Each structure stands twice: as structure tokens, then as C-alpha cells.
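Computed from a prediction, not measured in an experiment: that's the story for all the values here.
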Amino acid sequence: METRKRLQKNRDALLEQYHTNLDDVYNLQDTLIRDVLPSVTDELELGPEAQEWAKEWLSDTSSIFRISRRHKFTRSFSLEAIQRTLLWRLDNLWPIESPISIPNLHCLPSNIRDPFGRPILVLEVNPVDVTQDLLKRFLIRAFEQLRLHLKKLYDDSEDNLRPPLQYIALFDLSQLSFQSINIDLFTWSLREVIPRFPGMIAGVFVLNYSWTHSGFWSILKRLLPESALSRVFFPSKEELINFFSPTALPQDYGGDLSRLSLLEDPMNPRMHPAKLEVTCLPSTPSSAPPPRTISWLSPTSILNPFFGYPVSTSSTRGPPSFRHGRRRKRDLVRTLLTLFWIRWRKHITFGLCLTIILVIWRLSFARITLRFPKGNFMLRWFMSSRGPIQPKLT
């Protein structure tokens with residue numbers, strides 16, 4: 001009962017924030033599509049297809065809402081975060097590749113939901129024999145497919161009061177061994193991937209947890225924020241069935257549905273779930289997309305997350321990084337001088353021209369005085385002999 005109350009409280013708070021801030025999210029999307037996207041297009045010289053692909057993401061109301069929620073619906077922070085994420089997406093997800101089957105990740109049929117109407121994911125944690133670089137690329141694409149699936153459910157929802165905004169996840173640890181845990185990959189995911197897809201998981205039910213996993217959990221809970229820890233549950237089999245009901249669980253976890261390997265997976269509609277294999281991943285480095293060349297962002301670019309400092313962007317280096325490896329004061333001073341010149345250049349130019357004219361006039365007058373000293377003496381005598389002008393009395 002405690003689990004249900006906590007998840008219901010979180011769901012109600014989420015829906016309240018959604019309806020309260022929906023108009024602001026729409027306005028934010030209009031600004032992004034009208035003002036930000038053209039600037040990104042000009043900055044990166046995007047083609048029509050890339051521009052349309054970027055517009056599709058900016059039109060995803062549920063994703064923009066979740067990013068805004070992460071930044072407490074502060075417009076300036078949300079705009080900055082969305083711009084950074086758009087740049088990251090263009091580096092890591094463009095051009096579009098064909099959908100991949102996600103091994104060990106199953107999405108239950110769309111009509112199967114948790115008690116609060118959220119779609120259900122099942123993740124079986126099995127070791128995967130691929131290189132770490134390929135696994136990172138695979139995780140990014142997997143999160144993107146989850147986003148697209150959640151967007152489709154959101155767009156198709158007929159319940160405007162309670163649209164699906166998040167997943168609920170079952171995390172099966174039965175095949176996980178301590179030797180197969182990759183802490184570096186996990187911390188990389190927390191740092192690089194999850195912030196680009198925030199708020200997609202409403203809660204995680206950890207299944208088949210045993211004392212052998214306690215060491216892993218003791219490490220994991222030190223890396224997760226408190227808000228994430230509050231959404232992690234360790235239910236018994238009876239508690240799991242009481243929360244979801246047997247009609248929403250596969251036979252693998254005590255439910256009345258077919259076995260997980262036989263259930264339809266809406267994220268892989270053209271592929272039978274039982275045939276999902278790791279071999280769908282690229283097996284050789286040659287199948288990976290060619291590396292992108294490094295591009296530089298100016299310190300005053302709208303895409304620059306470190307405004308005032310020159311940064312470099314490259315898909316092989318992850319997020320934008322400082323061009324010189326650190327924040328240099330001289331770069332900031334140069335940027336401030338540039339902005340000062342852009343703001344006041346007309347006034348400065350007019351002042352310089354006026355000063356030059358006055359200097360030329362003074363030099364010309366001095367030259368005439370030197371060439372005709374007698375005339376200058378007569379002029380001064382004439383002016384002094386007249387004295388002050390007296391007003392006439394009538």
C-alpha cells in the first residue's frame with residue numbers, strides 16, 4: 001500500500017504540473033521553432049531533412065514538458081537546456097538510422113498499463129559481449145526509441161486529463177552477476193544520456209533481488225539523486241501482483257499474460273520478440289558511422305552552453321568542450337569587448353569622426369596663424385580695441 005500511495009502522489013503532482021504549465025510549454029515550443037531552430041540551422045548549415053527532424057523533436061510536447069519540469073519551468077534555463085540537447089542530438093542521433101531491436105528490453109502491449117495508466121517496460125539485465133563504444137551508441141539509440149514510443153502513446157491518447165507521460169519499469173536482476181557490472185558505463189549513462197531524456201521513468205520495481213546484489217546497490221544508491229531513489233522499490237512477488245494485478249503481468253512474474261518472450265512488443269512490431277538477439281548490434285567498427293569533424297562554436301553563438309568562451313563540438317568527444325581546455329579570462333574579456341563594440345559602435349564611430357574633424361580644424365588654424373602672424377596680431381588688436389559691447393540707452 002505504501003508503494004501505491006507514493007506512486008499515486010507522484011502521479012498526481014506530475015499531472016498538476018502538466019496542466020498548470022501546459023500553455024507555457026506551448027509558448028516555449030513556439031519560440032524554439034520560430035527563433036531557435038532557424039539560428040541552429042544557420043549555425044550548423046542544416047539541410048531540409050535535418051531541419052525537419054529537429055523540428056519533430058521540438059514539437060514533442062511531452063519531451064519539452066519533461067525538460068522544462070527538470071528545470072522547474074524556468075524559461076531561460078529550459079531554453080538553454082533544450083538548445084544544448086538539440087546540439088547533442090544532432091551530434092549523436094543524426095542522420096537517422098533504421099530502428100534496432102533492443103535485447104533484453106521488452107515493452108508490454110499498449111493496452112497493458114499499470115494502475116495509473118502508464119505503459120510497462122521489462123528490462124532483463126544480461127551481460128552483452130560488445131565493445132563499450134558500441135554499447136554507448138546502442139544505449140543512446142535505445143533511449144531515443146523509448147522516447148518515440150512514448151510520444152506515439154501521448155499523441156494517440158484520448159484522455160487529455162491523464163495522458164501517458166512516463167513509463168513504469170520492471171528491472172529483473174536474475175541474470176546479473178557482480179562481475180558483469182560496468183560502473184563506468186552506468187556513470188556515463190547518468191551523466192550523458194539520462195539528462196537528455198529526463199523524467200521518462202515514473203518508478204522502478206527491482207525483481208529477483210538477492211543478497212548477492214547488495215554490494216551493487218550500495219554503490220548505485222550513492223550515485224543516484226534522492227529523487228530517483230524515492231522511485232525505486234523492492235517488492236515481493238505478492239506485492240508485485242497486488243500492485244499490477246495478474247492481468248498486467250507476464251507469466252514470468254506470476255501474472256496471467258503469456259510468457260514475456262511470446263508477448264507482442266509494440267516497439268518492435270515487425271519482429272517477433274523471441275527472435276531478438278544481440279547480433280542486431282554492430283559487430284565491427286566499420287559499421288559505425290564515420291567520425292564527425294570538429295566544429296567550433298563562437299563565444300556568442302546561441303548554441304554555446306558556455307557563453308563567452310569558444311567551445312568545440314564533436315560526436316567523438318561527447319558534449320561541447322572548451323576550445324582551450326579551460327575558461328580563460330582573456331576569452332571572456334574578448335567576448336565582452338566584442339559585445340561592447342556591437343552595442344556602441346555607431347556612437348563610437350561618430351565620436352571618433354567628430355574628434356578627427358576638430359583636430360584637423362585646430363591644426364589648420366594653427367598653421368594659418370604661423371604663416372600670417374601679422375594678420376593674427378591685427379585681428380587680436382581689432383577685437384581688443386572695440387572693448388565690450390555696451391547696450392544703447394534710449
Item checked: Euclidean distance, Phe243 CZ relative to Leu7 CG, rounded to 0.5 Å ->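 Separation between the atoms: 4.5 Å.
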Check: So, Ser63 and Arg66: side-chain donor and acceptor under 3.5 Å apart, yes or no?
Finding: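 Yes, because at least one side-chain N or O of Ser63 sits under 3.5 Å from a partner of the opposite role on Arg66.
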Notebook entry, point to check: Side chains of Asp172 and Ser174: donor-acceptor distance under 3.5 Å anywhere?
Noted result: yes
Next item on the list: Count the heavy atoms of every other residue, nucleotide or ligand shown that sit under 6.0 Å from CD of Glu49, and state whether that count exceeds 12.
Entry: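 Result for CD/Glu49: open.
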Margin query: Hydrophobic clustering (ILVMFWY, side-chain heavy atoms < 4.5 Å, transitive) - are Met267 and Ile140 grouped together?
Written below: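 Looking at the clustering, Met267 is in the same group as Ile140.
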Could you check whether any side-chain N or O of [X] sits under 3.5 Å from a backbone N or O of [Y], counting only pairs where one atom can act as donor and the other as acceptor?
X	Y	answer
Asn21	Asp24	no
Gln145	Ile100	yes
Asp60	Glu56	no
Arg141	Arg137	no
Ser157	Leu153	no

Item checked: Check against salt bridge (Lys or Arg N to Asp or Glu O under 4.0 Å), Arg147 and Glu144 -> CA-CA 5 Å; Arg147 180 196 71 83; Glu144 174 66 2; 2.9 Å; yes
Next item on the list: Write down the atom of Arg231, the atom of Ala202, and the distance for their closest heavy-atom approach.
Entry: CD-O, 2.9 Å
Next item on the list: Any chance you could lay out the salt bridge (Lys or Arg N to Asp or Glu O under 4.0 Å) test for Asp155 and Lys151, step after step, and finish with the verdict?
Entry: CA-CA 6 Å; Asp155 293 339; Lys151 177 181 182 297; 2.9 Å; yes
Notebook entry, point to check: With the threshold set at 4.0 Å, does a side-chain nitrogen-carboxylate oxygen contact exist between Arg34 and Asp30?
Noted result: no
Check: Are Lys55 and Glu52 close enough for a salt bridge, meaning some N to O gap below 4.0 Å?
Finding: no
Notebook entry, point to check: Which one of Tyr253, Phe233, Phe171, Phe234 satisfies the ring-ring contact (aromatic ring centres under 6.0 Å, His included) criterion with Phe205?
Noted result: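 With Phe205 as partner, Tyr253, Phe233, Phe171, Phe234 yield a single ring-ring contact (aromatic ring centres under 6.0 Å, His included), made by Phe233.
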Next item on the list: Could you check Arg70, Arg69, His71, Arg75 and say which one makes a side chain to side chain contact (heavy atoms under 4.5 Å, CB included) with Phe73?
Entry: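 Of all the options given, the one that passes is Arg69.
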